[in-house]
Amino acid sequence: MGRLRLVAVFVAAVVVHRILADLLTVGGTSPDTLLVVAAAAGLIGGPRRGAVLGFAAGLAADLFLLTPFGLAALVYCVVGYASGEFSGTVVRSARWIPLVAVAIAATFGQILFAFAAATVGWGQLVSIRLPVVALTVGLLGGTLALVVTPAMTWALRDGTRTTIR
Amino acid sequence: MVSSRSQGGRSRFILLLLTLTSVTLITVDFRGSSGAIDWVRSRALDVFAPIERTAAAVFSPVGDFFTSVVNYSDLEAENDRLRAQLEEARSAPVRAADAERERDALLDLNGLEVTADIPSVAARVVSSDASNVAQVIEIDRGTAHGVAEGMPVVAGGGLVGRVVRTSEHRAVVLLVTDATFRVGIRFTRTGEVGVAAGSGRGKPLDADLVDATAELEVGEAVVTSGLQQGLYPPGIAVGLVRSDRLQSGALQRDVSIDPSVDLQRLAFVRVLQWTPTVS
């Protein structure tokens, strides 16, 4: 049942990533729903689940990107793991913490992706526009976290670490 | 304490394992040695196509509404601009027919193909890319309809881009505004050649390798040259010269070009079934 919920959240995330993200573009920059899923998985499920689910979300993103297959999987896996490590350091939980944490993770993830892509020949992603793109992705990610974080909490509710809710 | 430490160690081990898996996948794909990855990506486009079609039908009116509200003033200005263009266009057919006859005669004389004679496939734009990685659109025609990678894509006004990925019923088109896009160009008035490169969404194209002595005019039409290893047939409209300047000591001109197609509002395109002469 837990896995079914997770699959449902993933499929919904991919559809949102492919359809709604296009409609939610701000200043030419689109939100990255699957990166938000990776960050939320780490925050809710801890570093191990964050890494595994981040990897899966990245593979789903890689299916539709032009960059080499596996690049998003690598970056999202690291983002999921780092979010999980961060969640373990938070002592006092508040409603706004996951939103800000996801926003920061999405910003960091976008920058990491650009630099990782540059190492495999996609240097054009590292440009003077990168900070603006990364911050916009972060802000949009924080907004999407309003929906994604509760969905991920629901999907991982059995045996979840749930440091941050 | 011991359990927590062991859990941390296991998490790091999994991270290492997944990192190595990712690096392996990147290496395999980067070397272009796996047809399996291309097959999976191609199938993914087809599998998600019906879901996306349904979701787009449901959500696009909502998206259109918000876009209209946010861009109301832009739409009003665009309306005025389009009215002015319509007036101008009414007199264009006469001039165009004459120019077309002249161009066809010249192309025939030089043994070159006329773009209008190249077989093409009409396609509907089903989505634009939402990844912030590349400027691409997706169309609802694929290998089943004769679309192949490398084929040029045009719309009414001119060059839109090039097919970079195909599945049975879908294709991904890299737009001329993408930073990795390059096309050989010719300035119609002077005959000067160069290479146009994309520089991002909503931005003009940059023209490289344009001779410093070239005498260009703002508003001059730019078409594909057909020279850049034959990747595009000659004579497809690329855009109009937006600005042209020469910095002191420079060996080439600093030229920017407005694309002739409004890439933000593409609904239908044509894929030219043109095979590049050199791969």
Side-chain angles (χ1 to χ4, degrees), chain A residues 11 14-25 28-33 46-52 54-55 58-75 77-78 80-81 84-85 88 110 113-114 116-117 120-125 127 129 133-134 136-137, chain B residues 4 7-8 10-15 17-19 21-30 34 37-38 40-41 43-45 47-48 51-52 54-56 58-60 62-64 66-67 70 127-134 136 138 164-165 172 174 178-180 198-203 264:
Chain A
V11 171
V14 174
V15 172
V16 169
H17 184 73
R18 297 279 295 156
I19 301 294
L20 293 187
D22 186 26
L23 302 173
L24 298 173
T25 298
T29 303
S30 310
D32 192 332
T33 316
R48 189 158 57 90
R49 283 184 166 183
V52 173
F55 180 79
L59 281 183
D62 276 322
L63 288 174
F64 305 103
L65 291 172
L66 294 181
T67 44
F69 193 82
L71 192 68
L74 173 65
V75 172
C77 170
V78 171
Y81 179 84
E85 287 290 346
Q110 188 66 32
F113 185 88
V120 288
W122 282 72
Q124 74 275 11
L125 295 182
S127 67
R129 202 170 163 256
V133 171
T136 311
V137 168
Chain B
S4 161
Q7 273 201 348
R10 195 165 171 212
S11 296
R12 278 191 289 276
F13 175 71
I14 287 173
L15 177 69
L17 204 66
L18 294 173
T19 303
T21 309
S22 304
V23 172
T24 307
L25 285 171
I26 293 167
T27 310
V28 169
D29 190 30
F30 194 66
S34 172
I37 289 176
D38 291 339
V40 169
R41 279 177 151 169
R43 292 300 301 157
L45 282 178
V47 166
F48 272 92
I51 303 170
E52 285 172 15
T54 311
V58 172
F59 292 109
S60 64
V62 183
D64 289 347
F66 283 110
T67 307
V70 173
S127 76
S128 60
D129 183 56
S131 68
N132 305 317
V133 172
V136 293
E138 209 173 293
V164 288
R165 184 175 292 161
V172 177
L174 187 73
D178 187 84
T180 58
S199 53
R201 195 191 308 229
K203 291 183 180 167
Q264 313 289 331

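Given the structure is predicted, the values throughout are model-derived calculations rather than measurements. Lettering of chains follows the sequences in order, A, B, ..., and the numbering in each one begins at 1.
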Tell me, with the steps shown, if A:Phe113 and B:Val133 meet side chain to side chain contact (heavy atoms under 4.5 Å, CB included). CA-CA 9 Å; A:Phe113 185 88; B:Val133 172; 3.5 Å; yes
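- What you find for A:Tyr81 and B:Arg12 is that their closest heavy atoms are OH-CG, 3.0 Å.
- Between B:Phe30 and A:Phe69, the distance separating the two ring centers is not shorter than 6.0 angstrom.
- No side-chain heavy atom of B:Leu15 sits under 4.5 Å from any side-chain heavy atom of A:Pro47.
- Residue A:Val120 touches chain B through both its backbone and its side chain, counting heavy-atom pairs closer than 4.5 Å.
- The two residues A:Gly70 and B:Leu25 come nearest to each other via the heavy atoms CA-CB, 4.2 Å.
- Nearest heavy atoms, B:Ile26 versus A:Pro68: CG2-CB, 4.0 Å.
- When atom types are taken as modelled, the side chain of B:Asn132 and the backbone of A:Thr29 share no donor-acceptor pair closer than 3.5 angstrom.
- Heavy atoms of A:Leu71 lying under 4.5 Å from chain B belong to its backbone as well as its side chain.
- Taking A:Val14, A:Thr136, A:Leu74 one by one and counting their heavy-atom pairs under 4.5 Å with chain B, the maximum is reached by A:Leu74.
- Two residues are said to be in side-chain contact when any heavy atoms from C-beta on lie closer than 4.5 Å; A:Phe55 and B:Thr21 meet this criterion.
- The OG atom of B:Ser199 lies 11.0 Å from the CZ atom of A:Arg129; values are rounded to the nearest 0.5 Å.
- B:Arg10 places no side-chain N or O within donor-acceptor distance of the main-chain N or O of A:Arg48, the cut-off being under 3.5 Å.
- One N or O on the side chain of B:Arg41 and one on the backbone of A:Asp62 form a donor-acceptor pair closer than 3.5 Å.
- Of the listed residues (B:Leu17, B:Ile14, B:Leu174, B:Leu18), the greatest number of heavy-atom pairs within a distance under 4.5 Å of chain A belongs to B:Leu18.
- Looking at A:Val137, only its side chain comes within 4.5 Å of chain B, counting heavy atoms on both sides.
- At least one side-chain heavy atom of B:Val40 sits less than 4.5 Å from a side-chain heavy atom of A:Leu63.
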